[in-house]
Protein chains: 2
Amino acid sequence: MDIRKKIGLRIKEYRTNLQLTQEALAFKAEIDKTYVNEVENGKRNISVINLEKLIFALEISLREFFNSEAFDGGLTK
Amino acid sequence: MDIRKKIGLRIKEYRTNLQLTQEALAFKAEIDKTYVNEVENGKRNISVINLEKLIFALEISLREFFNSEAFDGGLTK
DNA sequence: ATGTAGACTGCTGTCGACA
DNA sequence: GTGTCGACAGCAGTCTACA
């Protein structure tokens, strides 16, 4: 599976846990809401600075975000 | 510390462990060598697709790459 | 509330040359 | 082997509007 999809799924997972809407998360992370939507759907190749902003808004650390079997393997391509 | 610097340091750490030159790593990851240099020095905001390529070339997983105290805190800005 | 589309700006990422 | 400097194409990221 594409790295973008893995990241999108994981963001959605934490977002719904917090019961935030995409719009609310976008506002909290100070990122455009249409962009958050496309990132969640694996359509965008997000940069680390904006990824960090999103993950921080999800109230976790980068370490926790990537601490999943989904990010174990090699290249997903 | 800036997230870009943290990532750059970590890449350098694993690269030197493998005794690869920046050029060799760039070749292995199929990324421009000048770009690898600037990423290592925290000057570039790398995207997840190219970060994954680099980390794969370092023979580790994303999970392992971010599994460090450096990536624990909140926003580094 | 989610998702798509279009148009736009600025930066990511490439490449050649050089100290 | 490392790092910088242009110059460049293409895409990341913003914004408005709509179903």
Side-chain angles (χ1 to χ4, degrees), chain A residues 1-62 65-66 70-71 74-77, chain B residues 1-62 65-66 70-71 74-77:
Chain A
M1 179 165 48
D2 193 307
I3 177 75
R4 292 171 298 182
K5 288 227 163 119
K6 288 187 192 170
I7 288 177
L9 287 174
R10 195 121 172 100
I11 288 175
K12 187 168 201 164
E13 180 187 336
Y14 278 100
R15 177 176 65 78
T16 50
N17 272 354
L18 286 181
Q19 298 187 39
L20 287 173
T21 65
Q22 288 180 354
E23 207 167 357
L25 175 60
F27 178 77
K28 203 172 168 189
E30 297 181 314
I31 291 181
D32 197 80
K33 89 175 175 62
T34 66
Y35 194 69
V36 171
N37 179 4
E38 289 171 357
V39 168
E40 269 198 9
N41 290 312
K43 295 177 181 169
R44 290 285 197 149
N45 178 24
I46 196 174
S47 70
V48 290
I49 287 186
N50 280 309
L51 180 59
E52 189 192 28
K53 282 202 220 165
L54 269 178
I55 293 177
F56 179 66
L58 291 171
E59 297 172 17
I60 54 176
S61 66
L62 278 161
F65 184 83
F66 284 103
F71 301 111
L75 253 202
T76 44
K77 217 158 223 177
Chain B
M1 181 165 44
D2 194 306
I3 176 75
R4 292 171 298 182
K5 288 226 164 120
K6 288 187 192 171
I7 288 177
L9 287 174
R10 195 120 172 102
I11 288 175
K12 187 168 202 164
E13 179 187 338
Y14 278 100
R15 177 176 65 79
T16 49
N17 272 354
L18 285 180
Q19 298 187 37
L20 287 173
T21 66
Q22 288 180 353
E23 207 167 359
L25 175 61
F27 178 77
K28 203 172 167 190
E30 296 179 316
I31 291 181
D32 196 81
K33 88 173 175 61
T34 66
Y35 194 69
V36 170
N37 180 3
E38 290 171 356
V39 168
E40 270 198 6
N41 289 312
K43 295 178 181 167
R44 291 284 198 150
N45 177 24
I46 195 173
S47 70
V48 290
I49 288 187
N50 280 310
L51 179 60
E52 189 193 26
K53 281 202 220 166
L54 270 178
I55 293 177
F56 180 66
L58 292 171
E59 297 171 19
I60 54 175
S61 66
L62 278 161
F65 184 82
F66 284 103
F71 301 111
L75 253 201
T76 45
K77 220 157 220 179

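In what follows, chains carry the letters A, B, and so on, assigned in the order in which the sequence lines appear, proteins first and then strands, with residues in each chain numbered from 1.
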Once base and sugar-phosphate atoms are separated, protein heavy atoms under 4.0 Å mark nucleotides 5-19 of chain D, 5' to 3', with B, S and - as -------BBBBB---
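- Contact check, A:N37 against C:dT2: no side-chain N or O comes under 4.0 Å of OP1 or OP2.
- Side-chain atoms of A:I3 and A:F71, non-hydrogen and from C-beta on, do get closer than 4.5 Å to each other.
- Of the residues A:R44, A:K43, A:K33, the one that meets the salt bridge (charged side-chain N to carboxylate O under 4.0 Å, His left out) test with A:E38 is A:R44.
- Distance CD/B:E23 to CG/B:D32: 10.0 Å, rounded to 0.5 Å.
- Once rounded to the nearest 0.5 Å, the distance linking CD of B:Q22 with OG1 of B:T34 reads 10.0 Å.
- Closest non-hydrogen pair, A:L18 versus A:A57, comes out as CD1-O, 4.1 Å.
- For the helix from C:dT2-D:dA19 to C:dA19-D:dT2, the rotation axes defined at the first and last 5 base pairs enclose an angle of 60°, given to the nearest 10°.
- Counting heavy atoms from C-beta outward, A:E59 and A:K28 have side chains that approach closer than 4.5 Å.
- Within the 3.5 Å criterion, the main-chain N or O of A:N45 finds no donor-acceptor partner in the side chain of A:R4.
- Of the residues in residues 11-22 of chain A, A:R15, A:T21, A:Q22 come within less than 4.0 Å of DNA chain C through at least one heavy atom, sorted by number.
- As a whole-Å value, the separation of B:N41 CG from D:dT2 P is 10 Å.
- Taking every heavy atom of both residues into account, B:R15 and B:L20 meet most closely at NH1-O, 2.8 Å.
- Proximity of B:I55 to B:Y14: side-chain heavy atoms (C-beta onward) are nowhere separated by under 4.5 Å.
- Of the candidates A:V39, A:N50, A:I7, A:I7 is the only one forming a side-chain contact (heavy atoms from CB on, under 4.5 Å) with B:V48.
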